[in-house]
Every structure is written in structure tokens, then in C-alpha cells.
Number of protein chains: 2
Amino acid sequence: MLVNINTHRPPIDGHLAALAGERAPCSEYRYRKGTEIFGEGEEAEYVYQITAGAVRTHKLLTDGRRQINAFHLPGDMFGFENGSNHRFTAEAIIETDVRIMRRGSIIEATKNRTGGTRSLLRLVTQNLQHAENHMLLLGRKTAPERVATFLVEMDARLGHPQLMTLPMSRRDIADYLGLTLETVSRALSRLRDQNLLRFEGTTQRRIELLRREELAELGP
Amino acid sequence: MLVNINTHRPPIDGHLAALAGERAPCSEYRYRKGTEIFGEGEEAEYVYQITAGAVRTHKLLTDGRRQINAFHLPGDMFGFENGSNHRFTAEAIIETDVRIMRRGSIIEATKNRTGGTRSLLRLVTQNLQHAENHMLLLGRKTAPERVATFLVEMDARLGHPQLMTLPMSRRDIADYLGLTLETVSRALSRLRDQNLLRFEGTTQRRIELLRREELAELGP
DNA sequence: ACGGTCTGTTGATTTGGATCAAGCGGCCGG
DNA sequence: CCGGCCGCTTGATCCAAATCAACAGACCGT
């Protein structure tokens with residue numbers, strides 16, 4: 001489900017513009033909650049940057065087991081592939097606005113600009129670094145450690161807000177951390193009971209972190 | 001432990017040479033079994049390509065739990081970092097020969113060659129792709145599935161030899177797959193009992209895969 | 001050749017997290 | 001405003017893999 005809200009918008013500040021320069025055409029689209037942006041195996045036609053909302057990218061096993069690679073927040077780019085096909089599926093977690101540029105334009109643009117491919121390289125390396133840290137989490141951390149690590153990561157990426165609002169469900173968190181949603185829920189309740197965090201209101205997605213340092217120590 | 005066996009050797013065919021061109025100086029070194037090539041956090045001074053042997057790269061938690069990111073075989077490159085410090089430790093699994101080039105030389109060289117940074121990008125993207133697949137394994141596959149996936153991966157990387165000789169121990173395999181060495185050993189014994197593989201001789205590291213297709217189906 | 005250490009296998013037992021199950025409150029559409 | 005569904009929590013039970021334990025053969029240096 002795809003709604004074009006503003007085509008041929010002049011590129012504004014951000015990584016996408018930085019990558020491709022001021023010449024390449026770029027559009028803005030809106031995806032509704034839960035909709036697919038692209039699917040695993042599809043041809044990689046566009047590169048995306050989020051302006052508002054949140055996106056998850058995942059892989060599936062044949063029987064439906066799901067692993068979420070990453071969550072993407074405003075400012076983040078995703079969908080860049082070396083080959084011509086996407087290696088995973090991307091979906092909007094909530095209503096999400098993205099700036100879109102044709103893959104071909106990026107490739108053209110980086111060819112003609114010193115440092116263009118270099119920015120791309122930095123982008124991919126950051127993703128690799130995140131993946132390396134996440135392999136350590138998935139391979140060797142316990143459930144409470146994974147959840148603590150997750151909270152610290154989201155807190156940092158949201159800029160240490162007083163109150164953080166998670167866009168994703170417990171199931172999404174579980175599929176990111178290699179756990180079940182029940183285990184995630186229990187771990188969060190445990191942290192609440194230990195006064196390391198507090199749920200704001202009744203929604204369970206607005207969380208205030210009390211004692212961030214102790215939380216950080218729980219995710220070694 | 002570092003033994004210089006041949007400095008200022010003219011670069012021969014391979015990725016390193018392809019990356020940097022024929023101009024950049026490169027040396028060859030030998031590391032003995034079990035020795036560290038570089039440590040996590042150290043300054044990234046060199047980039048490496050294996051000519052013989054095998055290397056593992058890993059991260060540690062403070063209490064010693066280990067996650068092996070990747071195994072590197074002859075022809076593979078490793079140690080390239082975007083920042084100036086290594087994000088993990090690299091060790092020789094067996095006696096290993098590597099071709100070494102200064103990081104700075106690579107950076108210089110790629111600046112002056114069209115497609116230089118592009119080759120680097122392809123390299124990093126391949127690592128990222130491997131990491132994404134490995135996250136799926138670590139987050140969502142069962143122990144028998146992990147071991148089957150591992151065997152299929154090594155078989156492919158070694159070029160589907162009639163008899164494959166694994167350079168790494170059961171503990172290394174376990175730390176790569178997020179399991180214990182006992183679980184890996186049991187899974188291998190189970191596959192042997194099912195006539196999906198055979199141990200050659202008494203060493204337990206020489207394995208013949210019988211019925212590769214069925215093995216591939218076990219690692220969905 | 002020999003003793004010690006290292007690597008791997010196998011068996012017994014434990015346990016962390018998965019699975020199964022019930023219930024609650026919010027939210028959305030009619 | 002109501003009814004059903006969805007997201008989440010919590011409790012009971014189960015099970016796959018970890019842990020604990022014993023042992024056997026290979027490999028190493030002397």
C-alpha cells in the first residue's frame with residue numbers, strides 16, 4: 001500500500017542528499033501501519049530514508065520463523081543492496097514517511113562525486129558493525145541481557161528522551177532479540193519490579209528508564 | 001607471534017591486489033596455530049588476505065563468553081575497518097600465511113583508481129550479507145539446523161571436496177553457532193548415525209558428506 | 001616409548017526459555 | 001455505546017540445550 005504524497009520534491013538535508021548530491025530526483029511516500037515497503041528477493045529499485053515513523057526489516061524461514069535484522073528510525077537509510085535484489089523484507093511498523101530515490105540514480109550520482117561511494121561505504125560498514133554486535137547478542141546473551149541491551153540501544157537512538165515511546169510490539173522485539181514475546185514481557189516486568197524502568201500510562205509502549213547505568217550493566 | 005617470511009613481495013593475483021592496484025607494497029607473514037593476528041579495539045594498521053591456513057574472528061563478553069563472527073579461508077580478506085580500530089579479534093586457527101598491506105596504502109590506492117572504493121564496498125556488503133544470514137541462524141534455528149547449515153556452508157566454501165578437512169575445533173564451531181561443544185558433537189554424531197556424513201579416519205575433523213541435498217534441507 | 005594434555009564423545013541431570021493456557025484492558029468499527 | 005479483536009501480562013508445564021561428569025583416543029614434548 002503506497003501513497004505518493006509529494007513527488008519530485010527537491011532533496012533536503014540528510015544522508016540521501018549527501019550521498020547523491022543535489023541533482024538526483026527524489027520523491028516522498030507514505031506507508032500505512034503494517035504495510036510492506038519491499039519484499040525479500042524483489043528487485044531493488046529504490047533506496048529509502050525515513051522522515052517520520054519506523055520500519056522493521058526481517059528474514060523468514062520456510063515455516064514462518066522470523067528474524068528481524070534491524071529497526072529503522074527517522075533519519076535512517078535502508079534498502080541499499082549491492083546486487084540487484086533485496087536480501088530481506090521491509091515493513092512500516094507505524095505510519096511512516098520515506099524519501100525515495102532510484103537505486104540507479106544513486107549509482108550514477110556516486111560515480112561522479114568524489115566521496116560518493118565513500119559515504120555509501122560508511123553506511124554499509126555501520127550496518128555491518130550493528131550486525132556484528134547483534135550476533136554476539138543472539139549467540140551468547142541471556143534473555144534479561146538481551147532485553148536490557150535492547151532498551152539501552154533504543155534509548156540511545158531516540159536521543160535519551162525522558163520518556164521513550166517504542167513503535168514496535170512485544171512480538172517485534174522478540175523477533176529482533178531471538179526470544180518469544182512472553183519472555184520479553186516477563187523480562188520487562190522484572191525490570192519494572194526492580195525499579196529500573198516505569199511504564200507511563202496504560203499503553204505499555206511508553207517507558208521511562210530510571211537508572212540507565214544499571215540497565216547498561218545488565219547487558220554486558 | 002609474527003614471523004616475516006617475505007617482505008616487499010610483488011603483489012600477485014587476488015582481491016588485495018585488485019583492490020589496491022599493482023603499486024601498493026605488500027608483505028607476507030606467517031602466524032602459528034592459535035596466535036592472535038590483531039585484538040579487538042587495537043588500531044587497524046593493516047588489511048589481510050589469507051594465502052594458506054584459516055582464521056577466526058570473534059568478540060568477547062566481559063565474563064568470557066565468545067561469539068565467532070566468521071571463519072576466513074584462503075583467498076578471503078579481513079581486517080578492513082571503516083574507523084581506525086578493530087571491532088573484533090582475529091586469530092590463526094592453524095598455521096596461516098597472510099598477505100598484509102597497510103590500511104593507509106589501500107585508502108590511498110582506492111582514491112586514485114576508479115572502482116577501487118567500489119571493490120571495497122562489494123567486500124563489506126558480502127560480509128554484511130553473511131552476517132544477516134547468521135543472525136537468522138543464531139536467532140531462530142535449532143541446534144541440528146545450525147550444524148547442518150554450518151556443514152553446507154563449509155562444504156560450499158571449500159569447493160565441495162570429496163573429503164572436507166575442517167581446520168577448527170568443536171569449541172570453535174560451537175562459538176560460531178551459539179551452542180556448546182557437546183551439543184555440536186552430539187548433532188554431528190546424530191548426522192553420522194543417519195548416514196548423512198562419515199568421519200574419515202580417527203581425527204573427527206575429516207568429514208565426507210553423503211547426501212548433500214538432504215543435509216541442505218535440514219538447515220532451512 | 002611414555003606421561004600428560006588436549007580434543008572429542010557420550011551419558012546423567014538441570015534449567016532457561018518455549019509452549020500452552022487464561023484473563024484483562026484498550027481500541028476500533030459499527 | 002457496545003462487542004469483538006488485539007496486544008500484553010501472568011501462571012503452569014514442558015523440553016531442547018546447557019551443564020556436570022566420566023572416559024577414550026590423539027598428539028606433543030621429552
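Since the model is a prediction, treat every value here as computed from it, not as a measurement. Computed over heavy atoms, backbone and side chain alike; hydrogens, waters and symmetry mates excluded. Within every chain, numbering begins at 1; the chains are lettered A, B, ... in the order of the sequence lines, protein sequences first and strands thereafter.
Distances shorter than 4.0 Å separate none of the side-chain N or O atoms of B/R192 from OP1 or OP2 on C/dG8. For C/dG26, neither phosphate oxygen OP1 nor OP2 lies less than 4.0 angstrom from any side-chain nitrogen or oxygen of A/T203. Neither OP1 nor OP2 of D/dA18 sits under 4.0 Å from any side-chain N or O of B/R186. Checking the phosphate oxygens (OP1, OP2) of D/dA18, a side-chain nitrogen or oxygen of B/T180 falls inside 4.0 Å. The side chain of B/R205 contributes an N or O atom lying less than 4.0 Å from OP1 or OP2 of C/dG8. Residue B/T202 places at least one side-chain N or O closer than 4.0 Å to OP1 or OP2 of D/dA26.
The nearest whole Å value for the distance from the CZ atom in B/R190 to the P atom in D/dA17 is 11 Å. Following rounding to the nearest Å, B/I94 (CD1) and C/dT7 (C1') show an atom-to-atom distance of 16 Å. The distance between atom CE of A/M168 and atom C1' of D/dG7, rounded to the nearest whole Å, is 15 Å. Taking atom CD of residue B/E182 and atom P of nucleotide D/dA16, one finds them 18 Å apart after rounding to whole Å. What separates CG of A/L138 from P of C/dG17 is a distance of 13 Å, to the nearest Å. Distance, B/R206 CZ to C/dT7 P: 18 Å, rounded to whole Å. Taking atom CG of A/D172 as the reference point, atom P of D/dG7 lies 10 Å away to the nearest angstrom. For A/L181 and D/dC6, the CG to P distance is 14 Å, given to the nearest whole Å.
Using a 4.0 Å heavy-atom criterion, one finds that A/G178 contacts the sugar-phosphate atoms exclusively. Within the nucleic acid shown, B/T142 comes within 4.0 Å of sugar-phosphate atoms alone, with no base atom in reach, counting heavy atoms only.
For the pair B/T183 and B/K33, nearest-nucleotide mapping onto DNA chain C gives the more 5' position to B/K33. For the pair A/R140 and A/Q204, both in contact range of DNA chain D, the more 5′-proximal nearest nucleotide belongs to A/Q204.
Here the nucleotide nearest the side chain of B/L179, chosen from D/dC27, C/dT9, D/dA17, is D/dA17. When distances run from any side-chain atom of A/R170 to the nucleotides D/dT9, C/dT9, C/dG17, the shortest one goes to D/dT9.
Relative ring orientation between B/Y176 and B/H134 is described as parallel, the plane-to-plane angle staying below 30° on a 0-90° scale split at 30° and 60°. Ring geometry, A/F78 versus A/Y48: the interplanar angle falls under 30°, so the pair is classed parallel (tilted spans 30 to 60°).
Residues A/H86 and A/F38 bring their aromatic ring centres within 6.0 Å.
Tested against A/R30, the residues A/T51, A/T35, A/D97 include a single side chain to side chain donor-acceptor pair (under 3.5 Å) partner, A/D97.
B/K59 and B/T89 are not linked by any side-chain donor-acceptor pair at a separation below 3.5 angstrom, with hydrogens and angles left out of the test.
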